[in-house]
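If you read the sequence from its start, that first residue is 1, and numbering goes on from there. The structure presented is a predicted model; accordingly, all values stated were derived computationally and were not measured.
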Amino acid sequence: MKQRDQGVAIVSVLMLVLILTGVFAVMTRLTILNIQQSGDSVRVTRTLAVAQGGRNFGQSLLQGPVGARMGDAVVSLAQLNLIGNAATWVFAPGYTTTRPPADVVAQKLDLLSTNIQPRLVGSGCYGPYTVTGNQRLSIRVSFTGNLPACDGEPATTVGVGKGRFLSGARNSTQEYSLPYVMVVAASEGTARRTLTVNGEYRFTVGNGSFARYALLTDQHQQGSSASIYFTSRTLFNGPVHTNGNFAFSGEPWFGGAVSSSGVEDTGRQGGFFAASNGSAAFRTPSQLNPPRYSITEPEFTNGVSWDAPEIPFPTNSNDQATAAQQAGLFINSSNSTVVLSTGIGEAGSVMAGQRYQGITVTAGSTTTEYRVLEDPVNGGPGALLRKVAGVWTPVLNSLVPPTPITRFNGVIYGNGGIASLRGPARVPAGSTNPNNAPPALASFAGITVVSNGDIRITGDLKYTDNPCDGALSRNSNGTINVPNCSSDPLAQKNVLGIYSSGGAVRIGAGNSNTALNVPTDVQIQATIMADNTVEVENYRNVPCSLGTAYILGGVIQRKYGAFGTFSGSSCSTGLGRSFTYDQRMLNGLAPPFFPTTSMTNLMPSRQVIQYGQSEQDRR
């Protein structure tokens with residue numbers, strides 16, 4: 001009996017152990033599931049945060065890189081005469097009504113949409129980007145409703161509305177609206193969150209500024225045959241145009257749209273291409289598909305047009321002279337000297353602690369100091385002051401009666417030529433390092449230096465806020481080093497223009513008066529335009545030790561000017577040239593009162609509006 005009782009007890013214990021083991025296993029499984037679910041919830045929450053951040057990043061994409069491509073599309077359609085210019089309704093050319101017809105505007109804006117989409121990175125696929133760890137983010141943007149395959153997601157089509165006219169008038173700026181859809185996808189492991197955003201892109205079009213071009217010439221060749229070549233040393237990362245004919249040798253690289261008219265030079269469409277025997281052959285558009293010949297194969301990464309419309313040059317600088325007299329600085333003395341600088345008002349003065357743009361003018365034997373104060377409300381240029389007997393006093397304009405200039409318009413006009421234009425001298429004096437040059441343009445300043453005569457640049461002209469992190473260059477393996485440049489016209493406001501309407505813009509060199517010569521590796525951060533040429537002075541007699549002229553901006557000139565002479569790939573005399581395009585100009589930024597073309601262009605004013613958002617999460 002006792003043995004039987006013992007056996008029953010053992011069985012009971014074993015059954016209890018099995019039950020407890022089962023309960024423990026179930027509890028363990030539930031705990032693991034709870035942990036997994038908690039982990040999934042955390043990942044889903046984190047992906048939502050990443051997606052929301054991606055939505056904000058997408059808005060920046062629309063304002064910056066996407067806006068730049070929109071600017072390209074607008075100019076391309078204008079050059080092809082598929083849309084109007086700013087003297088008519090841009091998206092309803094030919095209509096003289098007080099308001100453009102809605103259906104015509106919608107059709108033309110559809111054309112703009114289909115032109116923009118293939119210009120976008122990945123046809124609208126940005127990413128995937130690694131946020132942190134295993135978090136990924138991708139953004140799809142579409143103006144046509146066609147979303148490309150991106151980050152594992154298949155291509156798809158969604159509905160977008162029709163574009164429309166908002167405001168403006170013929171012969172003026174006009175504002176339009178283009179609908180868009182943006183899909184933001186964020187993931188962490190298996191957790192994924194997708195946001196679909198619908199909105200509209202509001203933009204303004206008007207007369208385009210010449211500042212839009214990295215290089216523009218009216219006549220490109222010096223004579224009846226090709227004599228100025230773009231070679232393998234030639235690099236441009238912005239729009240390039242000539243009303244004449246380009247000549248190519250080797251493998252020049254172009255990162256922006258390239259176009260020529262063939263109106264000047266030969267009077268026919270096409271370009272010169274160097275051959276292996278040293279001669280040059282003129283090739284017509286029908287012979288340039290693809291655009292290569294013999295040893296010459298230029299790289300047009302953003303396309304080339306051989307039959308673009310001619311872009312006429314302005315005939316005078318009367319508008320700029322008037323602007324300088326009304327709310328700028330008019331120098332009525334030939335061969336003046338202008339020095340630009342920056343600073344903060346001294347303690348105890350009327351401008352104590354205020355940032356200012358300095359302008360020092362020497363006309364004849366008289367030197368006058370001017371300062372433009374930063375507007376404390378709008379953040380741009382404010383009052384123009386002049387130092388008289390040690391006291392800063394307001395400058396009066398030329399109106400009748402004259403009034404103080406409370407908002408400087410940025411124009412400095414030298415009547416009869418400017419013999420010297422520069423920023424502050426390098427520290428220490430005589431330094432060959434351009435990094436030792438203080439800035440010439442205050443962060444808030446926009447200035448255009450204009451003359452109806454020659455302008456000589458004699459020193460560095462640098463921005464306080466440089467929009468680029470380097471210079472365009474070709475690596476030793478042949479690849480192109482494209483600097484990272486801001487395309488947002490509001491990110492860095494400082495901008496400088498130099499315009500000679502009746503002469504040349506010369507980089508000072510080879511003068512017996514050394515104060516008129518630029519330092520080694522001069523830095524010129526400005527968009528330069530000349531009715532004649534932009535060139536290095538005395539370039540045939542200047543030693544190569546003077547280095548390179550580094551220009552950040554663009555060069556617009558009636559005739560292509562020389563910087564130096566070369567033998568093969570080696571410098572013989574003069575300066576080398578390094579052009580880096582200021583990408584902000586693609587988004588409509590321009591120096592104040594810089595000359596404009598008759599071509600339509602995108603203006604800086606734009607607004608991205610978000611209408612609605614839908615969310616989807618998958619695990």
Quiz prompt | Ring-face cation contact, Tyr463 with Arg584, 6.0 Å cut, 45° max | solution = yes
Going by heavy atoms in the side chains, are [X] and [Y] under 4.5 Å from each other?
X      : Y      : value
Val395 : Phe408 : no
Asn452 : Tyr413 : yes
Tyr581 : Cys468 : no
Ser501 : Asn316 : no
Gln320 : Thr448 : no
Leu216 : Phe313 : yes
Lys387 : Thr368 : no
Arg212 : Leu586 : yes

Quick one: closest heavy-atom pair of [X] and [Y], and the distance?
X      : Y      : result
Pro519 : Gly459 : CD-CA, 3.9 Å
Pro434 : Lys462 : O-NZ, 3.1 Å
Gly328 : Ile405 : O-CD1, 3.5 Å
Ala440 : Gln357 : O-NE2, 3.0 Å
Ile498 : Leu461 : CD1-CD1, 4.0 Å

To the nearest 0.5 angstrom, please state how far the [atom1] atom of [X] sits from the [atom2] atom of [Y].
X      : Y      : atom1 : atom2 : value
Gln354 : Leu373 : CD    : CG    : 5.0 Å
Asn511 : Arg456 : CG    : CZ    : 5.0 Å
Phe254 : Ile480 : CZ    : CD1   : 11.0 Å
Thr580 : Ile551 : OG1   : CD1   : 9.5 Å
Asn332 : Ser398 : CG    : OG    : 11.0 Å
Ile228 : Ser249 : CD1   : OG    : 14.0 Å

Exercise. May I ask you to check whether Thr217 and Thr242 show a side-chain donor-acceptor distance below 3.5 Å?
Key: yes
Exercise. May I ask you to check whether Asn397 and Thr403 show a side-chain donor-acceptor distance below 3.5 Å?
Key: yes
Quiz item: side chain to side chain contact (heavy atoms under 4.5 Å, CB included) between Leu552 and Asn466: does it pass, once the steps are laid out?
Solution: CA-CA 9 Å; Leu552 169 62; Asn466 190 336; 3.4 Å; yes
Exercise. Output all residues satisfying side-chain hydrogen bond (donor to acceptor under 3.5 Å, both in side chains) with Asn532, sequence neighbours left out; order by chain, then residue number.
Key: none
Quiz item: Under the side-chain hydrogen bond (donor to acceptor under 3.5 Å, both in side chains) test, which residues partner Thr360, sequence neighbours left out?
Solution: none
Self-check item: side-chain contact (heavy atoms from CB on, under 4.5 Å) against Val542, all qualifying residues, sequence neighbours excluded
Solution: Ala509, Asn538, Leu546, Leu575
Donor-acceptor pairs under 3.5 angstrom involving side-chain atoms of residues 337-348: please list them, not counting sequence neighbours.
unit_1 : atom_1 : unit_2 : atom_2 : d
Glu346 : OE1    : Arg371 : NH1    : 3.0
Glu346 : OE2    : Arg371 : NH1    : 3.4
Glu346 : OE2    : Arg371 : NH2    : 2.8

Quiz item: Going through the checks in order, is the side chain to side chain contact (heavy atoms under 4.5 Å, CB included) test met by Tyr176 and Phe203?
Solution: CA-CA 6 Å; Tyr176 294 86; Phe203 63 95; 3.8 Å; yes
Practice problem: For Ser261 and Asn243, indicate whether the former's side chain and the latter's backbone hold a donor-acceptor pair under 3.5 Å. | Solution: no
Quiz item: Under the side chain to side chain donor-acceptor pair (under 3.5 Å) criterion, do Thr367 and Thr362 qualify, and how do the steps go?
Solution: CA-CA 4 Å; Thr367 298; Thr362 300; 2.9 Å; yes
Practice problem: Would you mind listing every salt bridge (charged side-chain N to carboxylate O under 4.0 Å, His left out) that reaches into residues 389-413, with sequence neighbours excluded? | Solution: Asp375-Arg407
Practice problem: Assess whether side chain to side chain contact (heavy atoms under 4.5 Å, CB included) is satisfied between Thr565 and Arg540, documenting all intermediate values. | Solution: CA-CA 7 Å; Thr565 61; Arg540 293 187 181 277; 3.8 Å; yes
Quiz prompt | Whether Phe594 and Tyr499 hold their rings parallel, tilted or perpendicular, with breakpoints at 30° and 60° | solution = tilted
Self-check item: Within the 6.0 Å centroid threshold, strictly below: Phe230 and His220
Solution: yes
Quiz item: So among Val450, Asp319, Asn409, which one has a side chain to side chain contact (heavy atoms under 4.5 Å, CB included) with Phe593?
Solution: Asn409
Cut-off 3.5 Å, no hydrogens considered: what does the side-chain donor-acceptor table look like for residues 421-429, sequence neighbours left out?
unit_1 : atom_1 : unit_2 : atom_2 : d
Arg426 : NE     : Asp460 : OD2    : 2.7
Arg426 : NH1    : Ser431 : O      : 3.1
Arg426 : NH1    : Thr432 : O      : 3.4
Arg426 : NH1    : Thr520 : O      : 3.0
Arg426 : NH2    : Asp460 : OD1    : 3.0
Arg426 : NH2    : Asp460 : OD2    : 3.4
Arg426 : NH2    : Thr520 : O      : 2.8
Arg426 : NH2    : Asp521 : O      : 3.4

Exercise. List the steps, then state whether side chain to side chain donor-acceptor pair (under 3.5 Å) holds for Asn494 with Thr464.
Key: CA-CA 7 Å; Asn494 45 196; Thr464 293; 4.7 Å; no
Quiz prompt | Residue of the set Gln557, Lys559, Arg558 for which side-chain hydrogen bond (donor to acceptor under 3.5 Å, both in side chains) holds with Asp531 | solution = Arg558
